[in-house]
*Asks:* 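Quick one: the structure is below, and I'll ask about it shortly.
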Amino acid sequence: MKRSHVFLVLALVWGLIGLGAGPAAGMPKGRVVVALATDTSTMDPHMHTERMGIIMNQHIFDTLLARDTKTYQPIAHLAESVKSVNPTTWELKLRRGVKFHNGEPFTAESVKFSFDRVLNPEQKSPIRGNFTWAKSVDVVDDHTVRITTHKPYPLIHEILTFGNFAMVPPRYVKEKGDAYFAKNPVGTGPYRFVEWRKGERLTVEANEQYWKGAPAIKTIVFRIIPETATQIAELLSGGVDILRAVPPDQISAIGTSGVARVSATQILRVVFLQMDGDGRAGKTPLSDVRVRRAINHAVNVDEIIQKVLGGLAVRTPAGTNPMAFGFDPAIKPYAFDPDRARKLLTDAGFPNGFGITLNTYAGSVVNVEQVGQAVMGYLSRVGIKVRPRHFADVGQYLATFRGSKLDGITMHSWGYNSVFDSDAIYYIHFHAGEPYAYNTSQEMDQWLEEARATVDSKKRQELYSRFERFIVDQAYWVPMYAQFTIEAVSNKLNYEASGDEIMRVHAATWK
Amino acid sequence: MQVYILHRLFQALFVCLGISLITFFLLHVVGDPVLLLLPQAASDADVALLKDQLGLDRPLAAQYLSFLTDALRGDFGRSLFTQDSAFALILERLPATLELTLAGMLVGLGIAIPLGVISAVKRGALTDRLCTVGAVAGQAMPIFWLGIMLILVFAVKFRVLPASGRGTVWHLILPAVTLGAYLAPLTMRLTRSGMLDVLTQDYIRTARAKGVRERVVLFKHALRNAAIPIVTILGVQFGRLLGGAVVTETVFAWPGVASLAVKAIRTYDYPVVQGAVVFLALVVVLANLLADVAVTFLDPRIRLGREHG
């Protein structure tokens, strides 16, 4: 090689090294302010079930598996692999060279400690119930863990992405105690904790040694701004860069502001009308399958999606979310056909219709009043006179629901507890003895139990397809739609809302 | 004087007791906190266990009695969500609320007293009419609307002040003006009517006849006497101001006791709601007491009348 070529190569190598180490390219910079309506109660991820807390925790801590933001499938994170050894044993290979923010190494001991901490009844972790499938966790070597389950547990990959189940540093937690840890969190995540002024703000700063590489933004501030109008004013005046939960009527104002845009995407929460087919809260015409089918034909769900929700919803033919495991695209919803509905009602002995309660509740359903009124309108057209009963208090609604007193039709919604699997919605609504089950049968119990204990995903899919065809045929629900999350983002940022409602500001970059 | 204050203290005690009773029972009849605390999928056994842990399965009267005895020791219980002492949470946020209400009061009085005096002096003139129209408009304006309008103009349009939050003195301006504008109209009208009443008195005429300068007549002789009803009403106004703070703190994301109470109501964190309501009631009672005492200094007849009566 000629001498000049050697220099050229050296110069290129030098240049490349220079680019990598230079202050401009890879160094985190700037500050992003995120507006949230409420704060969390604790920074300890194992000690709450709050969405805002999960969002904040995800910046400081890591989970064993993460979720692919495009496919929503579980992917490797702190655990590089999760493999089945036998139906009740799983082996986890852990990522090497990961450190907590205090310098403590992340090892198999950290995983065992985190599992044991959540499972310890004295810890009183509110997420304990999600992990009682685990019988024991054993350390094989520094980077290998074996989990033994009581029964075959097909949802293990799903549950290991669970936002609250973050890996915590054993030495730090033991030395400082739970109360200190709850206010001064230490994790392995992309951001290290700086300050938390409860009810006001949380400040975190980029972890430049993060195992996935330093994030692009130096500082993230999560500000608590309860009033939506103030949040939007802050966004438009440049005081806030990202805000969660934009009301649909503000979308155009933000879109035309020139400083921010809207990022909306489908989420796991589905809305449906549940009918009391069992007569659990008292005998009604809903015990007749023809009446339930008539109601399915009477409601024009597509029109509700277009006119009431501005198209920001996705139809769910059987009830389960298309993003969740178990969804069968071959299943079609009942066609909107008021004439057929009237005929079915006549066949069932109600040629002049009947009166029924429609329960709605405040909180999770977007534009609940308008959607409720639309449903009432459709039902009245086929002769069903609806008595609306709205619960302003969610606690009272749930108490009535669980207490077998929610008669008639209920406009319910379900967020799957962030588990992208049909088990998370069907078991609790259709298995006998469950608090929200108003339609039950022995065969449904059998399918649900079998699906819950089957690890083979092909077989599980078949079970759920069979189950879904059955509940659509029996018309226990009027499956309606999956909702959207609507966020607003400053034009300075590359950031998109996620379907699992976890705000990944740590993955945002500057434009 | 001492008897008067003791008498007022005794009254205040009953007011606080009444407020605690109403707050407690209202909170316990409107909903069930247990179901809000547990995840939707919780079993009935979980519900029963948590009720037992929180003592919510006991009779209401017994629960109230233990709330009262604990409250007397300064223990309002623990937040259902953060497990922090409700009293500590309230104390932590008290400086922010006091800062805002005092600033609001200063702004309110700063607007109301000069305008009230001018209005009385220029009675019937255009200035008086403009002030009266302004006062009526101010009273009719919803506080949250005014707050949002101020944000839109000064933060969004001109970008000269921050839209929300607490930190620098700049952050205090918009919420203090909002709260001040809430207080000003009534105080202005009181000042105006008080001044009108005083300005027709003989001693004012005498002072003017003696050649005392008009500024001294107005601010030394007239305003001091017109101030008596204003100070009395300020005690009551302080309660209104705290009520206004509930809205102002929420609109401006101001981290005070009032926004803490609003959040606690939304999440049904009843120990915090109880603590905040009883505590704010205590502050209002105390403000009224101070106003009563201040009036006795402005008007010796009240002090002496009570002492001998």
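Below, chain A is the first sequence line, B the second, and so on; all start at residue 1.
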*Asks:* Would K124(A) and D178(A) satisfy salt bridge (charged side-chain N to carboxylate O under 4.0 Å, His left out), going step by step from the backbone distance to the final call?
*Replies:* CA-CA 12 Å; K124(A) 291 187 181 154; D178(A) 285 353; over 6 Å; no
*Asks:* Mind listing the closest non-hydrogen atom pair of A281(A) and K405(A) along with its distance?
*Replies:* CB-C, 3.7 Å
*Asks:* Determine the minimum heavy-atom distance between R280(A) and Y436(A), stating which atoms define it.
*Replies:*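 Where R280(A) meets Y436(A) most closely, the heavy atoms are NH1-C, 4.1 Å.
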*Asks:* Examine whether an atom of A229(A) lies under 4.5 Å from a heavy atom of chain B, and if so say whether it belongs to the side chain, the backbone or both; otherwise answer neither.
*Replies:*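 Interface part for A229(A): side chain.
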*Asks:* Please output the residues of residues 86-106 of chain B in contact with chain A, using a heavy-atom cutoff of under 4.5 Å, in numerical order.
*Replies:*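 Counting heavy atoms that sit under 4.5 Å from chain A, the residues of residues 86-106 of chain B involved are R93(B).
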*Asks:* What residues of residues 163-174 of chain B sit under 4.5 Å from chain A when you count only heavy atoms?
*Replies:* A163(B), S164(B), G165(B), R166(B)
*Asks:* Which answer fits V259(A), side chain, backbone, both or neither, if we ask what part of it has an atom under 4.5 Å from a heavy atom of chain B?
*Replies:*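 Looking at V259(A), just its side chain touches chain B.
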*Asks:* Any idea how F272(A) and W477(A) line up, ring-wise: parallel (<30°), tilted (30 to 60°), or perpendicular (>60°)?
*Replies:* parallel
*Asks:* Answer yes when D84(B) and K198(A) have at least one side-chain N-carboxylate O distance shorter than 4.0 Å, and no when they do not.
*Replies:*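 Counted as a salt bridge, because a side-chain N and a carboxylate O are separated by less than 4.0 Å.
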*Asks:* Tell me whether the centres of the aromatic rings in Y416(A) and F420(A) are closer together than 6.0 Å.
*Replies:* no
*Asks:* With chain A as the partner chain, list the residues of residues 140-157 of chain B whose heavy atoms fall under 4.5 Å from it, by residue number, and write 'none' if nothing qualifies.
*Replies:* I148(B), I151(B), A155(B), V156(B)
*Asks:* Looking only at side chains, do N321(A) and W414(A) share a donor and an acceptor under 3.5 Å apart?
*Replies:* no
*Asks:* Identify the heavy atoms of N491(A) and G258(A) that sit nearest to each other, and give their distance.
*Replies:*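 It is ND2-O, 3.0 Å.
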*Asks:* Taking every non-hydrogen pair under 4.5 Å, which of S79(B), S259(B), A253(B) racks up the most with chain A?
*Replies:*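 Heavy-atom pairs under 4.5 Å are most numerous for A253(B).
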*Asks:* Please classify the contact of I224(A) with chain B as side chain, backbone, both or neither, using a heavy-atom distance under 4.5 Å.
*Replies:*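 Only the backbone of I224(A) comes within 4.5 Å of chain B.
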*Asks:* List the steps and the verdict of salt bridge (charged side-chain N to carboxylate O under 4.0 Å, His left out) for R452(A) and D423(A).
*Replies:* CA-CA 7 Å; R452(A) 187 170 258 202; D423(A) 178 80; 3.0 Å; yes
*Asks:* I need the minimum non-hydrogen distance between V107(B) and A176(B), along with the two atoms involved.
*Replies:* CB-O, 3.9 Å
*Asks:* Once salt bridge (Lys or Arg N to Asp or Glu O under 4.0 Å) is applied, do any residues pair with R389(A), and if so which ones, sequence neighbours excluded?
*Replies:* D407(A)
*Asks:* Does one side chain, of Y361(A) or T410(A), offer a donor that lies under 3.5 Å from an acceptor on the other?
*Replies:*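 Y361(A) vs T410(A): no donor-acceptor pair found between side chains.
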*Asks:* Can you see which heavy atom on V240(A) is nearest to which on A35(A), and at what distance?
*Replies:*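 Scanning both residues completely, I find the closest heavy atoms to be CG1-CB, 3.8 Å.
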*Asks:* Locate the shortest heavy-atom distance separating D445(A) from F430(A); write the atom from each residue and the value.
*Replies:*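 Closest approach of D445(A) to F430(A): OD1-O, 3.7 Å.
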*Asks:* So H429(A) and H412(A), would you call those rings parallel, tilted or perpendicular, with 30° and 60° as cut-offs?
*Replies:* perpendicular
